[in-house]
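As C-alpha cells, the structure follows; a few thoughts come after it.
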Amino acid sequence: MTPDTGGWNLADVTDVGQVNLADPATFALPGLESVWRRFRETAPVYRHPETRFGPAFWVLTRHADVLAVLKDADRFSSQRGNMLTSLLTGGDAAGGKLLAVTDSPRHSAVRVQLLRSFSPRVLRQIADGVRARAEKLVTAAVQAGASDFAHDVADQLPIGTICDLLGAPPSDQAELLRLSKQALSSDRADQSPKQVWLARNQLLVYFTDLCRHYRAEPADNVVTALVNCRIDGEPLSEDEIVLNCYGLVLAGDETSRLAMTAAVLNFVTFPDQWRALRDDHADLATAVDEVLRWNSPALHLGRTATTDVTIGGTTIRAGDIVTVWLPSANRDDAVFDDPDALNLNRNPNRHLAFGFGPHFCLGAYLGRTEVTAVVDALRRTAHDIRAGGRPEPIYSTFLRGHSSLPVTFTAQRDPRTDWST
C-alpha cells in the first residue's frame, strides 16, 4: 500500500545528491529507507547544498552521531529553531520563549515546571480516559467493518486528550485539529507558506484568548498551571505561556496520531506480525516501541552549531545548520539487527523516535499511552485488518505519515470459535 507517486521510487536513487531533503514532496515518496541507508554508507555527515528553500545545511544519519548531537545542548543550540523550515528561513521567532526552541538555563527551568503536568504520576490519572476513548473509537471502527482509520480513530484520540489537559472545550477540538495539521504538514503537495503562517497565527490567537480566560477563572489544567508558574519568583510572560500552549497542542497531537495510523498500516502490510500480536505472541509494550522505531513519525530535529565541531572526521563550523534524521538513526544496522524488518518482539530497542537528551519529548509517556491503548483495543476487537483503499501521505519535511488510511476489519468472534488463518 503506497501512494501514487507517478512511478518514482527513492530506492532507485544512486547518489544522495539527487535527494532534496528540504522539499516536503520528497517524504511522500516510497523507498526512503534506501536513501537513508545510502546516506549512512556513503555520506553520514553530509553537506546538503543550497536549494530554493534556503541555504546549505548538514545532514547526520548515523545513530551514534544523532545521539551525540541530541545529548550536546551546549555545542548544538535549539534557540534558532528545531525544524528545517524555520532554520532555512532565518530562525524561529519563538526562540527563547517556546520550550522546544529555548536553551538552558531557561529551558531547564520551564521544563521542570511543565513536567509537573506531564509526569507519569500525573498522567496515570489521564490514562484511564485515554483507554476508554480508544476502546470506544476502535470498537466502532471494527464493528463498522470498514473505516478510514486516520480520520475515524487517529484524528480523534490525541487531540481530545491534549485538549482535555489544556482545558480547551470539546467543541473546539475539530478546529484545533485542522489548524494543528496545517501548521506542521499538509494533506496536499501545494500548500502555500501563507496557509501555514495563517494556521500558526490562528492557533496563537486561540491560546491567547484561552490563557486570558483561565487567568480570570483558574481551573485544573495545564494552561492554568502555566499562568500561575513562577521561575525565580517571576511569572512567565504572556508570550511564553501562549507559545508553550501552541507547542503542546502540536506536539501532543501530531506524533501520536501519525504513529497509531502507521501501526495499522504495518498490520496490513505485515500480517504475520499482526497475527503474532493478536494471538499474544508479541508483548504489547515491545510492539509499540517497534512501531515507533520502524515508522519514526518525526523526521528530523534541527540545531545550530555554537562552535566548530568535528564529527566523523568532518568539521562543522560555528553557525552552521545541523539536522539529525531520526528514521535513519532508527534503521542503523550498527545498533539494530535486521533494521529494515518489522519485529514486534524486538528487544532491546534503543530507538530515538522521541529524541534524546535535554529536549527529549515532554509528552513521550502520554504518546506511548495513546498508541498502546489503540493497539491494545485493536488486538482485542479485530481478527483481520486488510487494505480498503490507497493511503494518502502528508507533505512535510518534519513529519511523515498518512492523512487517510482506508481499511476493512473482520471483528473477533467468540473465543470458542475455530478461526482459520
Side-chain angles (χ1 to χ4, degrees), residues 1-3 30 33 131 134-158 255-297 327 330-331 336-347 349 351 353 367-393 400-402 404-421:
M1 289 176 71
T2 57
E33 293 72 26
R131 285 189 285 267
E135 186 81 17
K136 180 180 179 181
L137 291 167
V138 170
T139 299
V142 171
Q143 290 181 347
S147 169
D148 186 328
F149 196 86
H151 288 296
D152 299 339
V153 178
D155 276 2
Q156 310 306 319
L157 181 60
T255 304
S256 299
R257 173 166 54 82
L258 294 171
M260 57 185 67
T261 300
V264 175
L265 184 54
N266 293 159
F267 301 153
V268 170
T269 309
F270 304 102
D272 60 323
Q273 292 295 298
W274 163 246
R275 288 192 293 269
L277 182 67
R278 181 197 67 195
D279 298 340
D280 292 325
H281 300 310
D283 176 74
L284 180 60
T286 303
V288 168
D289 264 329
E290 178 68 347
V291 165
L292 290 166
R293 179 198 74 87
W294 205 84
N295 296 286
S296 300
N330 287 339
R331 298 290 186 97
F336 303 98
D337 292 333
D338 197 8
D340 291 329
L342 181 77
N343 175 8
L344 297 185
N345 279 308
R346 184 181 297 275
N347 189 24
N349 191 340
H351 71 78
R368 274 199 178 92
T369 299
E370 291 172 328
V371 178
T372 300
V374 167
V375 173
D376 187 35
L378 275 169
R379 71 173 182 166
R380 288 183 290 100
T381 59
H383 182 75
D384 283 323
I385 310 174
R386 300 182 185 276
R390 186 180 295 278
E392 295 297 331
R400 193 181 189 210
H402 293 87
S404 175
L405 181 63
V407 292
T408 62
F409 294 105
T410 302
Q412 291 276 18
R413 295 182 182 173
D414 187 288
R416 293 167 295 184
T417 302
D418 179 22
W419 284 101
S420 61
T421 56

Is it true that a side-chain atom of [X] and a backbone atom of [Y] form a donor plus acceptor pair closer than 3.5 Å?
{"X": "Asp279", "Y": "His281", "value": "no"}
{"X": "Asn343", "Y": "Asn345", "value": "yes"}
{"X": "Arg346", "Y": "Ala341", "value": "yes"}
{"X": "Arg386", "Y": "Val407", "value": "no"}
{"X": "Arg131", "Y": "Thr372", "value": "no"}
{"X": "Trp274", "Y": "His383", "value": "yes"}
{"X": "Ser296", "Y": "Arg293", "value": "yes"}
{"X": "Glu135", "Y": "Ala377", "value": "no"}

If I compare all heavy atoms of [X] with all of [Y], which pair ends up nearest, and what's the gap?
{"X": "Gly367", "Y": "Ser256", "result": "CA-OG, 3.3 Å"}
{"X": "Phe270", "Y": "Leu342", "result": "CD1-CD2, 3.6 Å"}
{"X": "Asp340", "Y": "Trp294", "result": "O-NE1, 3.3 Å"}
{"X": "Ala141", "Y": "Phe409", "result": "O-CD1, 3.5 Å"}

Exercise. Quickly, which of Thr408, Ile385, Leu405 forms a side-chain contact (heavy atoms from CB on, under 4.5 Å) with Val268? Name it, please.
Key: Ile385

Quiz item: Is any side-chain heavy atom of Val291 closer than 4.5 Å to a side-chain heavy atom of Val375?
Solution: no

